[in-house]
Amino acid sequence: MKNNEIILIKIGEIALKGLNRRMFEDVLKKNIKRKLKKIGDFKIKYAQSTMYIVPKDEDADIEKAVEALKKVFGISAFAKAIEAKKDIDDINQKTVEYLKEELSGCKTFKVEAKRSDKSFMMKSPEICAVCGANILENFKNLAVDVHNPDVVVTVEIRDFGAYIRGSKIKGAGGLPVGTGGKSTILISGGIDSPVAAWMMAKRGVKLNAVHFASPPYTSQRALKKVVDLLEKIAPYTGAMKMYCVEFTRIQEKIQECCPEELFTIIMRRLMMTIAEKIAIKTESKALITGESLGQVASQTIDAMVCTDQAVSMPVFRPLIGMDKEEIVSISRQIDTFELSIQPYEDCCTVFTPKHPKLKPVLKYVKRAQEEVDWSELIDQAIDECEVIKIGYDKKQ
Ligand code: ATP
Ligand code: MG
C-alpha cells in the first residue's frame, strides 16, 4: 500500500435521481460498509457526489478493497488517490511521487482538473497547464495527448482537500442492491438463471432463490453445484436464502397422470405456483427466471403465457431478448460459466417428453392439470423445503 492512499468512488446512475437520491446513496454506503468490514477498518465519507474510502490503519488493505468494490452495484467508476494540501507546489510534488510507476510506464497523458472549491486561486485550465508542465519536466518519456492519452491524471480541488488520481477502475454499474425491492429467482444449475439473477441484482433487486431438486433422479452433487453458483454471484447480490424444494413426488405424479406432451408445461406451472408461495412467505414481490425467447420448447411465447397464468405475481425474464452467446459472455464475465457447464442433472431434464407441445393452449393445459388435486403435494413440498444460506459470514 502506498502511504495515505485512499479510494474515491463515483456514484453512477444514482446521480440522475431526483428527490429520493439520498435513499440510494444511503443504501450504497451501507452496502460498501458491509463489504469493507470483512477486509479491515475503513472510514467512509460521502460528500459532493463522491464516496471517500479512507483506511484507518495499516491492516486495512486498499488492494483488497479495490477488488471487493468491483462487485458493488451502484458504483460506475472509482480510483485510488492521495490527498494533497490545497497548494499547487504540494500537488505537483505529490503527483510525481504518487504516479511515478504509472507515468513511467506509458507514453502519453493528459491532466484533468476539477475545481469544486471555487475559492482555490487557480482555475481548472491553469491547474491543467501547470500540472502538465510539471509532469513533462519530470517524465521525459511522456508527451501530452488530450484526445487519447494512456493515462489521465486527475486533480480535484474540493472543499476539504486536494486529491490526485491516476487511471479509473470500472465499477459494476447499476443500482445499489436493496433499492429495487425483493424478488425470487428460480435457480437451476444452468448457464442462464445465474446470469438472470445477476442482472436483476444489478437493477437494485434483493434476491432470494428457489431451487427444485428431484432426488434420487438428481444428485447431492447437482445441488452443490447450484449452491456454488449462488456463492459465486453473492459478492454482487449480497447474502440470500435458497429454498430447496423436493420435487420428486410431483414430477412422478405428472408422469403418471398427465399427457406426455404436456409434462414440461404442467411441471413449469407447478414450479411457478410453489415459487410464488415461497415468494409471498418471504415478502418477495416478483419471480425471476433465466428464460430466453425460443431457446427451448418451454420458452415459446405460448408456453410462457401458459406458465405465467399459473401465478398472479409478475414474472421477470431479464434474458428474454438475448442470444445464448450474449448470455455466455456475461456468465464468463461474472465467472459462473465454468461451473454452469459441469454436467450435472437438473430436474427439468429428468422427465423430458420426446415431443413437448410448442404451442400449448391454456384451456387444455389447465384441464389436464386439474385431473389431479395438487394442493397436498404442493403444501408438503413447501413445508419440507430446506433453507440454505448463501453468502453469509461464517459467524452469522
Ligand atoms: P438454465 O440455464 O438457467 O438452467 P435453461 O436454458 O436450461 O436455463 P430450462 O431448463 O428450460 O432452461 O429452465 C428455464 C428456467 O427455469 C431457468 O432459467 C430457471 O429460471 C428455471 N429452472 C429450471 N430448472 C430449475 C430448477 N431445477 N429449479 C429452479 N428453477 C429452475
Ligand atoms: Mg436448466
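If you're wondering where the values come from, they're calculated on a predicted model, not measured in any experiment. Counting starts at 1 for both ligands and their atoms, following the listed order. Every heavy atom of this structure was used, including side-chain atoms; hydrogens, water molecules and symmetry mates were not.
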key: For G190, atoms of ligand 1 separated by under 4.0 Å from a heavy atom   = 1 (P), 2 (O), 4 (O)
query = Does any donor atom in the side chain of T300 or D302 lie under 3.5 Å from an acceptor atom in the other side chain?
reply = no
message = Give the atom numbers and elements of ligand 1 that come within less than 4.0 Å of a heavy atom of V210.
response = 29 (C)
query = Considering only heavy atoms, does T349 approach ligand 1 within less than 4.0 Å through its side chain, its backbone, both, or neither?
reply = neither
message = If we count only N and O atoms by modelled type, under 3.5 Å, do the side chains of T273 and R268 hold a donor and an acceptor together?
response = no
message = Between D346 and S188, do the side chains contain a donor N or O and an acceptor N or O under 3.5 Å apart?
response = no
query = What about P194: any of its N or O atoms under 3.5 Å from an N or O on ligand 1?
reply = no
query = Do the side chains of F212 and F263 join up, straight or via other hydrophobic residues, at under 4.5 Å, putting them in one cluster?
reply = yes
ask   = Can you list the ligand 1 atoms lying under 4.0 Å from a non-hydrogen atom of T289?
value = 20 (O)
note = Ranking K324, E291, Q299, H211 by closest non-hydrogen atom to atom 12 (O) of ligand 1, top hit is Q299
ask   = What do we get for I187 next to ligand 1 when only non-hydrogen atoms under 4.0 Å count, side chain, backbone, both or neither?
value = backbone
key: Atom indices of ligand 1 within 4.0 angstrom of Q295 heavy atoms, with elements   = 5 (P), 6 (O)
query = Salt bridge between E13 and R203, side-chain N to carboxylate O under 4.0 Å?
reply = yes
request  = Nearest heavy atom to atom 21 (C) of ligand 1 wins, so pick from M267, M271, M242, R268.
outcome  = R268
query = With atoms numbered from 1 as shown, which atoms in ligand 1 lie under 4.0 angstrom from a non-hydrogen atom of I191?
reply = 2 (O)
Could you tabulate the donor-acceptor pairs under 3.5 Å formed by side-chain atoms of residues 162-174, not counting sequence neighbours?
{"unit_1": "R165", "atom_1": "NE", "unit_2": "E156", "atom_2": "OE2", "d": "3.0"}
{"unit_1": "R165", "atom_1": "NH2", "unit_2": "E156", "atom_2": "OE2", "d": "3.0"}
{"unit_1": "S167", "atom_1": "OG", "unit_2": "E102", "atom_2": "OE2", "d": "2.5"}

message = What I want to know is whether G290 and ligand 1 share at least one N or O pair that is separated by under 3.5 angstrom.
response = yes
query = Does NZ in K206 sit with more than 12 non-hydrogen atoms of other residues, nucleotides or ligands closer than 6.0 Å?
reply = yes
request  = Under 4.0 Å, heavy atoms only, figure out whether ligand 1 is touched by the backbone of D346, its side chain, both or neither.
outcome  = side chain
inquiry  = Using the ring centroid of each side chain, check whether Y52 and Y46 are separated by less than 6.0 Å.
reply    = no
inquiry  = With no hydrogens and no angle check, just 3.5 Å: does a side-chain donor-acceptor pair link E252 and Y217?
reply    = yes
request  = Answer with side chain, backbone, both or neither: which part of S193 has a heavy atom less than 4.0 angstrom from an atom of ligand 1?
outcome  = both
inquiry  = Please list, in number order, the atoms of ligand 1 under 4.0 Å from a heavy atom of D192.
reply    = 1 (P), 2 (O), 3 (O), 5 (P), 6 (O), 8 (O)
request  = Give the numbers and elements of all ligand 1 atoms closer than 4.0 Å to a heavy atom of C347.
outcome  = 27 (N)
message = A quick test of your reading: do over 12 heavy atoms of other residues, nucleotides or ligands sit less than 6.0 Å from NZ of K241?
response = no
ask   = Do ligand 1 and V296 have nitrogen or oxygen atoms that lie under 3.5 Å from each other?
value = no
